[in-house]
S.K.: 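Handing you a structure now.
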Protein chains: 2
Amino acid sequence: MTDSRSAPDVPADFSLLRRSCEPCTLREFCVQAELRLDDVRRRGMFGRREPLARGARLFRPGDALAAVYVVRSGAIKTVVNTADGEDCVLGFHVPGELVGLDALASGRHECEAIALMDSQVCGIPYSGLAELTTGAPGLNRRLLGVFGGGAQCGQSHVQMLVRRQADERIAMFLLDLQQRYQRGGEERAQIVLPMSREDVARYLGLALETVSRGLSRLHDLRIIAVAGRQIEVLDPVQLAQLAGAPDPDHDQPLDRRA
Amino acid sequence: MTDSRSAPDVPADFSLLRRSCEPCTLREFCVQAELRLDDVRRRGMFGRREPLARGARLFRPGDALAAVYVVRSGAIKTVVNTADGEDCVLGFHVPGELVGLDALASGRHECEAIALMDSQVCGIPYSGLAELTTGAPGLNRRLLGVFGGGAQCGQSHVQMLVRRQADERIAMFLLDLQQRYQRGGEERAQIVLPMSREDVARYLGLALETVSRGLSRLHDLRIIAVAGRQIEVLDPVQLAQLAGAPDPDHDQPLDRRA
DNA sequence: CGATGTCTTGACGCTTCTCAACGATCGTGG
DNA sequence: CCACGATCGTTGAGAAGCGTCAAGACATCG
């Protein structure tokens, strides 16, 4: 909440927006939007940078689809409340990624989006987005691709859950998160998890104790270094192997007695 | 393969198409398309009704995104080959549902689509679809919704897998499939599974023996009647309860000793 | 300094996986 | 027509991974 002092109904500073939008999934649409600056100003698109305190909700189940959001800083989790009280975590969204696509089909959000830490998101009104690409077939196709890709992440999630044991799931999770954090920057072995063990557990379909134990085991095996939510990848090769990387001959299962 | 004698490059019989397209997810786009009959004829859109023999592949991993498919008859499964040899089933697609949206993001298919029985699909060229909605904002928004919804199904899949035990997953699976078969028709207690126990298992993240045992248990409890792939729902209420329907007070767990 | 939330570690029981054998169904060929 | 193999489904026994319950360590904050 340092530089978000612009009034909510004042158009955004585009040069600032552009500078901080490099890893953004929707960047090309913003660039395109600048070409119609008048339209944008009139509709107030791209101006809404909402600061979210930790624990605040971006939307709730049942809310009408008003906008698609891009995470600018911080991290967001999407959670669905199941009938039996336990809610499961559908995804984590780091800077540059989309939130809110779950409402595309019905027009209403099925899940809720909660900030894992103080975060900033860029809300792009859905109506404006649909109109923006009208008359631009190439841009329209790109938008379909971006939306399809955003909704696609459920499939990689499924692959983490189906017939994989705890350590495999945890390894896949860490690699996936590391890769997504690196998308916009340089490669780093260090990850700082924005979510609790319980959130990880409900994302991976495990008990939180199992997640804790799994991380400890990977730590003892010198594959990663765990210090609370600070995690350093010490042996990327072995971590990838655990996550299911192809290694037909050298089939060396993890020593589980440790 | 009874009435598919139309040559592959001859435009489809629209009146026939319309009659059999009532449960179709993309129906409104077909109707819209009729308004531009010349365009459609010229491009050969909607004319490609490909008969698929059981076991035939609609597309393979790596194939370029050429078309989005709607299942007209039969059933299709989408499978992704994981690195470690085991492949997991991402979804089953029954008449009226979309196949092929996994390629929206990258432009290439990530998984393969295999016919579970002799099937017919309607292939709609992707390029034509994107152009079709150009200049029609409402239609464009609907297309985004349909695509988003199609890609959305991964999230309901995730909810079947996360922290649910075998019987719950099987109950959810049966109810979901029954509902989807009924989408275009009347309510029926009878389901004929188009897929093997192994396919169900790899969809639900279970061993095939566990699926078989689960079905047997539900059979013994008189909740369903199982005869091979013929399944009849005898007690929909209890089945829904098992699948996680809200029933706070009457919390009666399944007797597992039977 | 105590309270609270978060994470770790231990022990035990149970669901589920694995290995294995058997039965049913179907199509093929003699 | 029946034997035969192949595919598919069922059932059993044992082992193992994971969930549950429980206690304790650690950090943060009022």
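All chains are named by letter (A, B, ...) in the order of the sequence lines, taking the proteins before the strands, and each is independently numbered beginning at 1.
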S.K.: Starting at the 5' end of nucleotides 23-30 of chain D, put B wherever the base has a protein heavy atom under 4.0 Å, S where only the sugar-phosphate does, and a dash everywhere else.
M.R.: --------
S.K.: Nearest to the side chain of B:Glu209 - C:dT9, C:dC17, D:dT11?
M.R.: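 Ranking C:dT9, C:dC17, D:dT11 by closest atom to the B:Glu209 side chain puts D:dT11 first.
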S.K.: Which side-chain N or O atoms in residues 190-197 of chain A pair as donor and acceptor under 3.5 Å with protein atoms at least two apart or in another chain?
M.R.:
residue: A:Gln190; atom: NE2; partner: A:Gln230; partner atom: OE1; Å: 2.9
residue: A:Ser196; atom: OG; partner: A:Glu198; partner atom: N; Å: 3.4
residue: A:Ser196; atom: OG; partner: A:Asp199; partner atom: N; Å: 3.2
residue: A:Arg197; atom: NH1; partner: A:Gly228; partner atom: O; Å: 3.4
residue: A:Arg197; atom: NH2; partner: A:Gly228; partner atom: O; Å: 2.6

S.K.: So for B:Gln165 and C:dC14, does any side-chain atom that can act as donor or acceptor lie under 3.5 Å from a complementary atom in the base?
M.R.: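 When only heavy-atom distances are counted, B:Gln165 does not reach the base of C:dC14 through any donor-acceptor pair under 3.5 Å.
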S.K.: Report which part of the nucleic acid B:Leu208 touches: base, sugar-phosphate, or nothing (heavy-atom distance under 4.0 Å, all strands).
M.R.: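 Base contact.
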S.K.: Tell me which nucleotide among D:dG19, C:dC19, C:dC7 gets nearest to the side chain of A:Ser196.
M.R.: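 Nearest to the side chain of A:Ser196 among the choices is C:dC7.
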S.K.: Do you know the tightest heavy-atom contact between B:Ala189 and B:Gln178?
M.R.: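 Where B:Ala189 meets B:Gln178 most closely, the heavy atoms are CA-OE1, 3.8 Å.
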S.K.: For the residue pair A:Val158 and B:Gly154, what are the closest heavy atoms and their distance?
M.R.: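 Looks like CG2-O, 4.0 Å.
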S.K.: Hey, could you give me the CE/CG distance between A:Met172 and A:Leu242, rounded to the nearest 0.5 Å?
M.R.: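 Here the interatomic distance stands at 11.0 Å.
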S.K.: Base, sugar-phosphate, or nothing: which does A:Arg163 touch, judged by heavy atoms less than 4.0 Å apart?
M.R.: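 Contact class for A:Arg163: sugar-phosphate only.
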S.K.: With a 4.0 Å limit, can you tell me whether A:Ser216 has a side-chain N or O closer than that to the phosphate oxygens OP1/OP2 of C:dT9?
M.R.: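 Yes.
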S.K.: Sequence neighbours left out, what passes side-chain hydrogen bond (donor to acceptor under 3.5 Å, both in side chains) with B:Asn81? Give chain and number order.
M.R.: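 For B:Asn81 there are no side-chain hydrogen bond (donor to acceptor under 3.5 Å, both in side chains) partners, ignoring immediate neighbours.
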S.K.: Counting only heavy atoms not in B:Arg54 (residues, nucleotides, ligands), do more than 12 fall under 6.0 Å from its CZ?
M.R.: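 No, not enclosed.
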S.K.: Could you tell me whether the phosphate oxygens of C:dC7, OP1 or OP2, come under 4.0 Å of any side-chain nitrogen or oxygen in A:Arg229?
M.R.: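 Yes, A:Arg229 has a side-chain N/O under 4.0 Å of OP1/OP2 on C:dC7.
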S.K.: Report the C-alpha separation of A:Asp167 and A:Arg217 in whole Å, then their side-chain angles, then the decisive distance to 0.1 Å, and conclude whether the salt bridge (Lys or Arg N to Asp or Glu O under 4.0 Å) test is met.
M.R.: CA-CA 8 Å; A:Asp167 292 335; A:Arg217 183 157 42 227; 3.0 Å; yes
S.K.: For nucleotides 11-13 of chain C, tabulate all protein N/O to nucleotide N/O atom pairs closer than 3.5 Å, reporting atom names and distance.
M.R.:
residue: C:dA11; atom: N6; partner: A:Arg213; partner atom: NH2; Å: 3.4

S.K.: Bend angle of the helix from C:dC1-D:dG30 to C:dG30-D:dC1 from five-pair axes at both ends, rounded to 10°?
M.R.: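 The end-segment axes of the helix from C:dC1-D:dG30 to C:dG30-D:dC1 are tilted 30° relative to each other.
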S.K.: If I take atom OG1 from residue B:Thr210 and atom CD from residue B:Gln165, how far apart are they, to the nearest 0.5 angstrom?
M.R.: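 That separation rounds to 12.0 Å.
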S.K.: Other residues, nucleotides and ligands only: do more than 12 of their heavy atoms fall within 6.0 Å of CZ on B:Arg60?
M.R.: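 Incorrect, the count does not exceed 12.
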S.K.: Mind listing the residues from residues 197-205 of chain A sitting with a heavy atom below 4.0 Å of DNA chain D? Number order is fine.
M.R.: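 Heavy-atom contacts with DNA chain D come from A:Gly205.
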S.K.: Can you spot which of B:Ile224, B:Ile223, B:Leu221, B:Leu218 makes a side chain to side chain contact (heavy atoms under 4.5 Å, CB included) with B:Gln238?
M.R.: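 Looking at B:Ile224, B:Ile223, B:Leu221, B:Leu218, the match for B:Gln238 under the side chain to side chain contact (heavy atoms under 4.5 Å, CB included) is B:Ile223.
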S.K.: Parallel, tilted or perpendicular, judged at 30° and 60°: which one describes the rings of B:Phe173 and B:Phe92?
M.R.: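 Perpendicular.
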S.K.: Please figure out whether B:Ala227 or A:Thr210 has its closest DNA chain D nucleotide nearer the 5' end.
M.R.: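 The answer here is B:Ala227.
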S.K.: Parallel, tilted or perpendicular: which one describes the rings of B:Tyr69 and B:Phe59, with boundaries at 30° and 60°?
M.R.: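 Taking B:Phe59 first and then B:Tyr69, their aromatic rings lie parallel (interplane angle under 30°).
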